[in-house]
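The chain is numbered in sequence order, starting from 1. Below, all heavy atoms of this structure are taken into account, side chains as well, without hydrogens, waters or symmetry copies.
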Amino acid sequence: FFGAYNKIGALLKQRCLLHLLRDLILTCGFHRTPVWKSFVKTLRRLVKDAFRLATRRSQLPAEVYLQRCQLIHQRLATLIDPPYQDSHCVRLVKRLKRHQNELFTFLDHPEVPPDNNHAERMIRPAVIARKNSYCNRSPKGAQTQAILMSIFRTLHLQKQDAITTLEWTLRTYCKTGLLPPLPDKLDEKISLAA
């Protein structure tokens, strides 16, 4: 539910339900009104039922699966419809209403996970590098680090050696004055450049 995700234009968006559950646990640590407890219990059950339904997708007939997906959406609508007086319920209902079309995308599209764990694992090396270097000293330094970490991570995921690729890129730039795109097959392009 990080605000920066709102700016991302994507065909399919899935809000991280694990972060939603963590928010519930955190708030329960200091807020224990009966209304809140009831709200949390209902929402937690709804999310866990959605997780369970997604895991049983292949075991259910398509028609039954679709009916249960509709039931999940109806339960959410019922939960967020009534006006709440509890301030934390109001805060959470506002968020759920704003993102209700992005809460259960994973039920309709099995290739979409219900959390953002993969994205967080992908940025972890950059976060650790920033921490170990005592953060960025300026906005320009932060931008430079973001660009370099993105390049290094992309090369790593493509199983390419970063040093060799960057050396080839700089040689090509010095010869042509243009930055080449990242190579698809590193060996072929390096042999052509050499």
Side-chain angles (χ1 to χ4, degrees), residues 1-127 149-150 153-160 182 184-185:
F1 295 93
F2 183 52
Y5 290 137
N6 296 335
K7 302 231 181 230
I8 297 173
L11 177 63
L12 301 174
K13 277 190 183 181
Q14 171 64 55
R15 296 297 166 158
C16 181
L17 295 180
L18 293 182
H19 277 97
L20 176 64
L21 293 174
R22 285 183 203 136
D23 187 15
L24 297 177
I25 292 168
L26 180 68
T27 306
C28 286
F30 62 85
H31 188 70
R32 294 188 173 102
T33 65
V35 173
W36 173 253
K37 284 182 178 180
S38 174
F39 180 83
V40 167
K41 183 178 180 181
T42 306
L43 181 55
R44 193 178 288 156
R45 185 177 295 139
L46 174 64
V47 170
K48 288 183 178 182
D49 287 349
F51 286 159
R52 196 173 304 113
L53 178 61
T55 61
R56 296 188 61 216
R57 178 187 191 106
S58 61
Q59 301 165 358
L60 297 171
E63 188 176 302
V64 172
Y65 181 79
L66 289 175
Q67 288 172 349
R68 292 189 184 174
C69 287
Q70 289 172 350
L71 185 60
I72 293 283
H73 288 285
Q74 288 169 0
R75 287 171 57 192
L76 175 65
T78 301
L79 178 66
I80 64 177
D81 185 45
Y84 290 91
Q85 301 302 316
D86 183 279
S87 62
H88 290 285
C89 288
V90 170
R91 172 185 61 87
L92 207 51
V93 165
K94 184 178 175 185
R95 183 192 304 172
L96 295 173
K97 282 182 177 180
R98 183 178 36 225
H99 302 296
Q100 65 184 332
N101 294 331
E102 300 170 345
L103 293 174
F104 299 117
T105 305
F106 71 99
L107 290 176
D108 299 325
H109 301 276
E111 70 276 11
V112 176
D115 56 45
N116 67 349
N117 287 348
H118 178 74
E120 288 190 354
R121 281 192 299 272
M122 290 294 108
I123 66 168
R124 184 172 169 76
V127 172
M149 293 308 292
S150 178
R153 192 69 188 154
T154 300
L155 292 172
H156 174 77
L157 291 172
Q158 292 180 352
K159 297 183 180 11
Q160 297 186 29
L182 288 174
D184 292 329
K185 293 185 179 176

What's the shortest heavy-atom distance between [X] and [Y], and which atoms?
| X | Y | result |
| --- | --- | --- |
| Ile72 | Leu46 | O-CD1, 3.6 Å |
| Gln14 | Pro113 | CG-O, 3.1 Å |
| Phe106 | Leu17 | CE2-CD1, 3.4 Å |
| Leu21 | Phe51 | CD1-CE1, 4.1 Å |
| Ala50 | Phe104 | CB-CE2, 3.6 Å |
| Val64 | Leu60 | CG1-CD2, 4.3 Å |

Would a 4.5 Å heavy-atom cut-off, applied to side chains only, mark [X] and [Y] as touching?
| X | Y | answer |
| --- | --- | --- |
| Phe30 | His88 | yes |
| Arg45 | Thr42 | no |
| Arg75 | Leu71 | yes |

When you measure from the side chain of Ser38 to the backbone of Pro34, do you find a donor-acceptor pair of N or O atoms at a distance under 3.5 Å?
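No: the side chain of Ser38 does not pair with the backbone of Pro34.
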Does any N or O in the side chain of Glu102 come within less than 3.5 Å of the main-chain N or O of Lys13, such that one atom is a donor and the other an acceptor?
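No; zero donor-acceptor contacts below 3.5 Å.
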Option passing side-chain hydrogen bond (donor to acceptor under 3.5 Å, both in side chains) with Tyr65 (candidates Arg57, Arg56, Gln70):
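For Tyr65, the side-chain hydrogen bond (donor to acceptor under 3.5 Å, both in side chains) check succeeds only for Arg57.
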Separation between [atom1] of [X] and [atom2] of [Y], rounded to the nearest 0.5 Å:
| X | Y | atom1 | atom2 | value |
| --- | --- | --- | --- | --- |
| Thr33 | Asp86 | OG1 | CG | 4.0 Å |
| Trp36 | Leu24 | CH2 | CG | 5.0 Å |
| Leu107 | His73 | CG | NE2 | 6.0 Å |
| Leu76 | Asp81 | CG | CG | 10.5 Å |
| Leu103 | Leu43 | CG | CG | 8.5 Å |
| Thr27 | Phe39 | OG1 | CZ | 10.5 Å |

With a cut-off of 6.0 Å (strictly less than), are more than 12 heavy atoms of other residues, nucleotides or ligands near CD of Gln85?
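At most 12 heavy atoms, drawn from other residues, nucleotides or ligands, come within 6.0 Å of this atom.
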Partner of Leu20 under side chain to side chain contact (heavy atoms under 4.5 Å, CB included), chosen from Arg44, Arg15, Arg95
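Result for side chain to side chain contact (heavy atoms under 4.5 Å, CB included) with Leu20: Arg95.
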